[in-house]
Amino acid sequence: MANSLVVLDFETTGLSPQQGDRAIEIGAVKLVNGEVVDSFQALMNPGRKVSGFIEDYTGISNEMLASAKPNAEVMEEFCDFISGNNLLAHNASFDQKFLDAELAKIGRSYQGQFVCSLLTSRRIYQDAPNHKLGTLIRYKGIIGDGSFHRALYDAQMTAKLWQVMLLDIEAQLGEALSSSYQGVPFSLIQKIANTPKAKVAKLLASY
DNA sequence: TGCCAGGCCCTCTTTAGGGCCTT
């Protein structure tokens, strides 16, 4: 699909699938030409209790998970949802490793490439106090109800941040944009995210 | 029982260490 992107966020039992941690919620929004056209949200039952820390951190209780669909069923549906799209997450390496781990358990895979709003923001917003999602939302004056650490809300906020970041990148590109311009190319975003911070200004100036 | 990640990025770097991010 042309110029489409799925912004996703996992809530999990911990930090490392290699240490046995599992996903407990997935939230995502689909952007086409920068506009939200669809969303996905589901709790999933990982088959074991989550810690009190995770219950407090996410607001997702063991009681809520007890009645949720199992991970395999949810991830089958989510794999269909992301099919054919590139993917975006805040600190994408985290969400990518859980996506990879959960899909490996059901023998599914995806073709899209990840881009990371955290790495991009470190280059575009070098004056931000820090690059936590909540901080960047406040830094850019984005309106929200503050329900961080739930998957759909975090995905929605990441999508809003992404929309603002694209506008800010476009503003820096300025007159380099042609009349046939249809949005910041995904390849340019990847290049920005992989360029050393000190060289980003030069990259944008030369585009 | 006790312990627990890992990629990115900066710097007092590269024969390394530590903070930032994600749950």
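No hydrogens, no waters, no symmetry mates; every other heavy atom, side chains included, goes into these values. Just so you know, these numbers come straight off a predicted model, no measurement behind them. In what follows, chains are A, B, ... by sequence order, proteins preceding strands, each numbered from 1.
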Whole-Å distance between [N] [atom2] and [X] [atom1]?
X      : N      : atom1 : atom2 : result
A:F148 : B:dT23 : CZ    : P     : 11 Å
A:H90  : B:dC8  : NE2   : P     : 15 Å
A:F94  : B:dA5  : CZ    : C1'   : 10 Å
A:I54  : B:dC4  : CD1   : C1'   : 14 Å
A:R48  : B:dT23 : CZ    : C1'   : 12 Å
A:E25  : B:dT22 : CD    : C1'   : 15 Å
A:L119 : B:dT22 : CG    : C1'   : 12 Å
A:Q126 : B:dC10 : CD    : C1'   : 12 Å

Would you find a donor on one side and an acceptor on the other, under 3.5 Å apart, between the side chain of [X] and the backbone of [Y]?
X      : Y     : answer
A:Q163 : A:G34 : yes
A:N71  : A:A23 : yes
A:D95  : A:F10 : yes

[N] versus [M] - spacing of their [atom1] atoms, nearest Å:
N      : M      : atom1 : answer
B:dC4  : B:dT11 : P     : 29 Å
B:dT14 : B:dC21 : P     : 24 Å
B:dG18 : B:dT13 : C1'   : 12 Å
B:dC12 : B:dG17 : C1'   : 11 Å
B:dG7  : B:dT23 : C1'   : 16 Å

Within the 4.0 Å heavy-atom criterion, would you say [X] contacts the bases, only the backbone, or no part of the nucleic acid?
X      : value
A:T58  : sugar-phosphate
A:L133 : sugar-phosphate
A:N130 : sugar-phosphate
A:K197 : sugar-phosphate
A:D9   : sugar-phosphate
A:F53  : base

Exercise. What residues, two or more places apart in sequence or in another chain, satisfy side chain to side chain donor-acceptor pair (under 3.5 Å) together with A:K97?
Worked result: none
Exercise. Looking at residues at least two apart in the chain, or sitting in another chain, which of them share a side chain to side chain donor-acceptor pair (under 3.5 Å) with A:E73?
Worked result: none
Exercise. Which is it for A:Y125 and A:V164 under the side-chain contact (heavy atoms from CB on, under 4.5 Å) test, yes or no, and what are the steps along the way?
Worked result: CA-CA 11 Å; A:Y125 303 135; A:V164 171; 3.8 Å; yes
Seminar exercise, completed: Here the residues of residues 149-163 of chain A within 4.0 Å heavy-atom distance, strictly under, of DNA chain B are A:H149, A:D154
Distance-only check: which donor-acceptor pairs under 3.5 Å involve side-chain atoms of residues 152-161 of chain A, not counting sequence neighbours?
| unit_1 | atom_1 | unit_2 | atom_2 | d |
| --- | --- | --- | --- | --- |
| A:Y153 | OH | A:D145 | N | 3.0 |
| A:Y153 | OH | A:G146 | N | 2.7 |
| A:D154 | OD1 | A:H149 | N | 3.1 |
| A:D154 | OD2 | A:H149 | N | 3.2 |
| A:T158 | OG1 | A:D154 | O | 2.7 |

What nucleotide among [options] has an atom nearest to a side-chain atom of [X]?
X      : options               : answer
A:K132 : B:dT22, B:dT23, B:dC4 : B:dT22
A:R122 : B:dC10, B:dC21, B:dA5 : B:dC21
A:T12  : B:dC21, B:dC8, B:dT23 : B:dT23
A:S93  : B:dG7, B:dC21, B:dT22 : B:dG7

Hey, can you pull the donor-acceptor pairs under 3.5 Å for the side chains in residues 11-18 of chain A, sequence neighbours left out?
| unit_1 | atom_1 | unit_2 | atom_2 | d |
| --- | --- | --- | --- | --- |
| A:T12 | OG1 | A:G14 | N | 3.3 |
| A:T12 | OG1 | A:G14 | O | 2.4 |
| A:T13 | OG1 | A:D21 | OD1 | 2.9 |
| A:T13 | OG1 | A:R22 | N | 3.0 |
| A:T13 | OG1 | A:R48 | NH2 | 3.4 |
| A:S16 | OG | A:Q18 | N | 3.3 |
| A:S16 | OG | A:Q19 | N | 3.2 |

Exercise. More 5' along DNA chain B: A:Q18 or A:A193, using each one's nearest nucleotide?
Worked result: A:Q18
Seminar exercise, completed: DNA chain B nearest-nucleotide lookup for A:T195 and A:K97: closer to the 5′ end is A:K97
Exercise. Using a cut-off of less than 4.0 Å, is there contact between a side-chain N or O of A:H131 and OP1 or OP2 of B:dC20?
Worked result: no
Enumerate, atom names and distances included, each donor-acceptor pair closer than 3.5 Å involving a side-chain atom of residues 107-114 of chain A, sequence neighbours excluded.
| unit_1 | atom_1 | unit_2 | atom_2 | d |
| --- | --- | --- | --- | --- |
| A:R108 | NH1 | A:E76 | OE1 | 2.5 |
| A:R108 | NH2 | A:D80 | OD1 | 2.9 |
| A:Y110 | OH | A:D100 | OD1 | 2.6 |
| A:Q113 | OE1 | A:Q190 | NE2 | 3.2 |

